[in-house]
Amino acid sequence: EAALHEEHEEGSGYGKQLRLLCANIGRNPSLLSKLLSGELSTARLVRMAQHELAPDDLKEMRAVARQRSFDQAVAQRAGEEERRFVSRNGSMVELERERGEDGE
């Protein structure tokens with residue numbers, strides 16, 4: 001608690017960080033083990049963000065979800081780029097360029 005007081009003045013994130021720590025220490029045995037063994041200092045613990053305090057399995061699920069979202073965005077972007085081109089006489093012509101030449 002002393003480290004928490006040093007890092008956060010009461011009223012400026014103290015309560016929020018305290019609730020975050022209590023919730024995550026209770027559901028993350030790895031975090032508790034590191035804290036009790038001294039591998040993780042209390043000074044570092046009170047500065048950790050929510051995503052750092054999460055259990056390893058939750059971190060992995062979030063990483064997979066982020067990667068899936070990224071892959072979908074890339075595929076969607078590639079599909080949009082592909083639709084910008086049409087085949088004319090065996091060659092690919094950019095739609096925007098073609099529209100400008102035809103005056104459409």
Side-chain angles (χ1 to χ4, degrees):
E1 189 174 355
L4 186 59
H5 275 286
E6 286 179 28
E7 186 67 27
H8 300 278
E9 294 178 23
E10 286 193 47
S12 65
Y14 174 86
K16 179 181 176 184
Q17 188 70 10
L18 179 61
R19 286 187 299 276
L20 186 64
L21 291 172
C22 289
N24 283 286
I25 289 173
R27 67 180 179 173
N28 188 343
S30 173
L31 184 66
L32 181 58
S33 175
K34 288 177 183 177
L35 185 61
L36 294 175
S37 72
E39 184 180 342
L40 175 64
S41 72
T42 55
R44 172 72 182 111
L45 177 70
V46 298
R47 289 191 312 270
M48 291 174 77
Q50 184 173 3
H51 69 276
E52 295 173 297
L53 295 167
D56 292 336
D57 58 337
L58 182 56
K59 288 178 187 176
E60 179 64 28
M61 285 176 28
R62 288 176 177 166
V64 168
R66 271 192 309 274
Q67 185 63 48
R68 190 176 307 136
S69 178
F70 175 77
D71 292 345
Q72 288 173 348
V74 168
Q76 180 180 359
R77 177 74 177 169
E80 290 170 0
E81 289 296 318
E82 194 172 293
R83 285 191 297 270
R84 290 180 56 202
F85 295 88
V86 295
S87 178
R88 176 174 287 171
N89 301 329
S91 63
M92 298 300 281
V93 178
E94 190 172 357
L95 283 175
E96 292 175 0
R97 188 179 306 144
E98 185 64 25
R99 286 186 191 135
E101 291 174 3
D102 291 344
E104 291 180 13

Enquirer: What distance do Arg27 atom CZ and Leu53 atom CG have between them, rounded to the nearest 0.5 Å?
Expert: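 Separation between the atoms: 9.0 Å.
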Enquirer: Which heavy atom of Ser30 sits nearest a heavy atom of Asp56, and at what distance?
Expert: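 Where Ser30 meets Asp56 most closely, the heavy atoms are OG-OD2, 4.1 Å.
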Enquirer: Between Ser37 and Ser33, is there a donor-acceptor pair closer than 3.5 Å when you use the side chain of the first and the backbone of the second?
Expert: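 Side chain of Ser37 to backbone of Ser33: a pair is present.
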Enquirer: Spell out, as yes or no, whether a donor-acceptor pair under 3.5 Å connects the side chain of Asn24 to the backbone of Leu20.
Expert: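 A pair under 3.5 Å: yes.
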Enquirer: Do you know the tightest heavy-atom contact between His51 and Lys59?
Expert: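 Residues His51 and Lys59, closest heavy atoms: O-CE, 3.4 Å.
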Enquirer: Which heavy atom in Glu52 sits nearest to a heavy atom in Met48, and how many Å separate them?
Expert: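 Smallest heavy-atom distance, with atoms named: OE1-CA, 3.2 Å.
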Enquirer: For Ala43 and Val46, which heavy atoms make the closest approach, and how far apart are they?
Expert: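 Nearest pair, atom of Ala43 first, then Val46: O-CG2, 3.3 Å.
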Enquirer: Report yes or no: do Leu36 and Leu45 belong to one cluster of Ile/Leu/Val/Met/Phe/Trp/Tyr joined by side chain heavy-atom distances under 4.5 Å?
Expert: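 Hydrophobic grouping puts Leu36 with Leu45.
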Enquirer: Find the distance between SG (Cys22) and CD (Gln17) and round it off to the nearest 0.5 Å.
Expert: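 Nearest 0.5 Å value for the SG-CD distance: 10.0 Å.
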Enquirer: Does Leu58 belong to the same Ile/Leu/Val/Met/Phe/Trp/Tyr cluster as Leu31, with side-chain heavy atoms less than 4.5 Å apart forming each link?
Expert: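 As far as the 4.5 Å side-chain criterion goes, Leu31 and Leu58 are not connected within one cluster.
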